[in-house]
Amino acid sequence: MYFKGTKKLKLYKIVPLNPEELELKIESMLGKENKYYLFIDEVQNVFGFESVVHTYAEEGYSIFITGSNSYLLSDEISTKLTGRYLNFETFTLDFSEYLDMKSFFKKDINQDLYLEFEEYVVNGGFPKTLEFDDIPTRQTYTRGIISEIFEKDVKTRKKIRNVPVYERVQAFLLNNYSAPFSLNNLLKCLEMEGYKTKATTVRGYIEDLKKAKIVYECNRFDLKSKTAIKRDQKYYLSDMAIY
């Protein structure tokens with residue numbers, strides 16, 4: 001998708017993401033006196049997109065790539081997109097944005113904000129859920145999104161081999177969010193349930209969940225360095241709908 005750079009961005013023309021066709025069409029469509037912008041959405045679904053990005057970056061284009069896959073926030077992409085770039089992470093709606101979105105969709109907002117907040121906690125902050133009026137449909141939609149994140153961004157992409165242990169670690173973190181976490185306690189719990197695994201494996205699964213933006217880590221702070229090293233951290237969910 002190309003936008004001609006004037007005082008206001010205007011949609012110029014939509015073209016397929018094919019390097020050879022792009023080269024010919026852009027030369028015929030655009031002059032050299034203006035600034036041009038290239039927008040690529042869900043870029044992780046396009047094989048070899050890095051070469052396209054590099055080609056037009058060298059020609060002075062301002063390029064914006066977006067996607068919902070954790071690959072865009074991983075260390076892998078930083079090695080492929082060499083040069084200067086800025087990384088912006090977007091989150092699901094907070095409560096204030098949730099109310100604004102309901103207003104945008106012309107949905108009724110309960111005058112009792114406590115009740116409205118309870119609904120927000122149950123439904124989570126995924127914007128599209130507000131298009132549905134009934135809670136079961138909202139939850140079905142949200143469950144589908146979250147399942148896709150777990151399957152594609154973690155299990156498939158990270159090639160999880162010991163799926164039973166991974167799913168147990170995942171369930172443990174989700175069901176004990178915001179509680180003090182101890183890796184040793186989790187390992188003992190897994191051992192009691194008959195799962196044989198290593199601390200490095202479990203720690204790796206937790207890192208995968210963090211990189212997929214499912215959980216966020218909050219480390220303990222203490223002025224005494226020895227106490228802080230114990231890492232009695234907590235994990236918080238990126239959205240309450242995951243729980």
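Keep in mind that this is a model prediction, so the values were computed, not measured.
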Quiz item: Given N162 and T201, is the side-chain contact (heavy atoms from CB on, under 4.5 Å) satisfied, shown in steps?
Solution: CA-CA 9 Å; N162 197 335; T201 300; 5.6 Å; no

Quiz item: Side chains of D208 and I160: closer than 4.5 Å at any heavy-atom pair?
Solution: yes

Exercise. Examine the side chains of Y36 and E59 and answer whether a donor and an acceptor come within less than 3.5 Å of each other.
Key: no

Quiz item: Between K188 and E191, is there a side-chain N and carboxylate O pair less than 4.0 Å apart?
Solution: no

Practice problem: Identify the heavy atoms of V53 and I63 that sit nearest to each other, and give their distance. | Solution: O-CD1, 3.2 Å

Exercise. Check A241 against G124 and note the closest heavy-atom contact, atom names and distance.
Key: CB-CA, 3.7 Å

Quiz item: OG1 of T142 to CE of M240: how many Å apart, nearest 0.5 Å?
Solution: 13.0 Å

Quiz item: Any side-chain heavy atom of L173 within less than 4.5 Å of one from L186?
Solution: no

Exercise. Establish whether L130 and I135 are linked, either directly or via other cluster members, by ILVMFWY side-chain heavy-atom contacts under 4.5 Å.
Key: no

Quiz prompt | Nearest heavy atoms of Y243 and L174, plus distance in Å | solution = CD1-O, 3.3 Å

Practice problem: Would you check if Y166 and L209 make a side-chain contact, meaning some heavy-atom pair closer than 4.5 Å? | Solution: yes

Quiz prompt | Rounded distance [0.5 Å steps], CD in E207 versus NZ in K211 | solution = 6.5 Å

Quiz prompt | Heavy-atom side-chain contact between I206 and Y235 under 4.5 Å | solution = yes

Quiz item: Relative to each other, are the rings of F172 and F181 parallel, tilted or perpendicular (30° and 60° limits)?
Solution: perpendicular

Exercise. Indicate whether any N or O donor in one side chain lies under 3.5 Å from an N or O acceptor in the other, for N123 and T129.
Key: no

Quiz item: When rounded to the nearest 0.5 angstrom, what is the spacing between NZ in K102 and CG in D100?
Solution: 12.0 Å

Quiz prompt | Under 3.5 Å donor-acceptor, E97 side chain and D94 backbone | solution = yes

Quiz item: Closest approach of D239 and G125, non-hydrogen atoms and distance?
Solution: OD2-N, 2.8 Å

Quiz item: Looking at CD1 of I242 and OG1 of T92, how far apart are the two atoms once the value is rounded to the nearest 0.5 Å?
Solution: 8.0 Å

Practice problem: Report the relative orientation of the aromatic rings in F91 and Y216; use parallel for angles under 30°, tilted for 30 to 60°, perpendicular for over 60°. | Solution: tilted

Quiz item: Are V122 and L93 grouped together when hydrophobic residues (ILVMFWY) are joined by side-chain heavy atoms under 4.5 angstrom apart?
Solution: no

Self-check item: Rounded distance (nearest 0.5 Å) linking atom CD1 of I40 with atom CZ of F64
Solution: 11.5 Å

Quiz item: Any sub-3.5 Å donor-acceptor pair from S103's side-chain atoms to L99's backbone N or O?
Solution: no

Exercise. Please name the pair of heavy atoms, one in R168 and one in C189, separated by the smallest distance, quoted to 0.1 Å.
Key: NH2-SG, 4.0 Å

Quiz prompt | Interatomic spacing from CG in D134 to CD in Q139 - rounded to 0.5 Å | solution = 9.5 Å

Distance-only donor-acceptor pairs under 3.5 Å for side chains of residues 104-112, two or more places apart:
unit_1, atom_1, unit_2, atom_2, d
K107, NZ, D133, OD1, 2.6
N110, OD1, D112, N, 2.8
D112, OD1, Y114, N, 3.1

Practice problem: Please report the shortest heavy-atom distance between P127 and M101, naming the atom on each side. | Solution: CB-CE, 4.0 Å

Quiz prompt | Side chain Y177, main chain V215, donor-acceptor under 3.5 Å | solution = no

Quiz item: Do Y205 and Y236 sit in the same hydrophobic cluster, where Ile, Leu, Val, Met, Phe, Trp and Tyr count as joined when their side-chain heavy atoms come under 4.5 Å apart?
Solution: no

Practice problem: Give me the ring orientation class for Y98 and F95: parallel if the planes are under 30° apart, tilted from 30 to 60°, perpendicular past 60°. | Solution: parallel

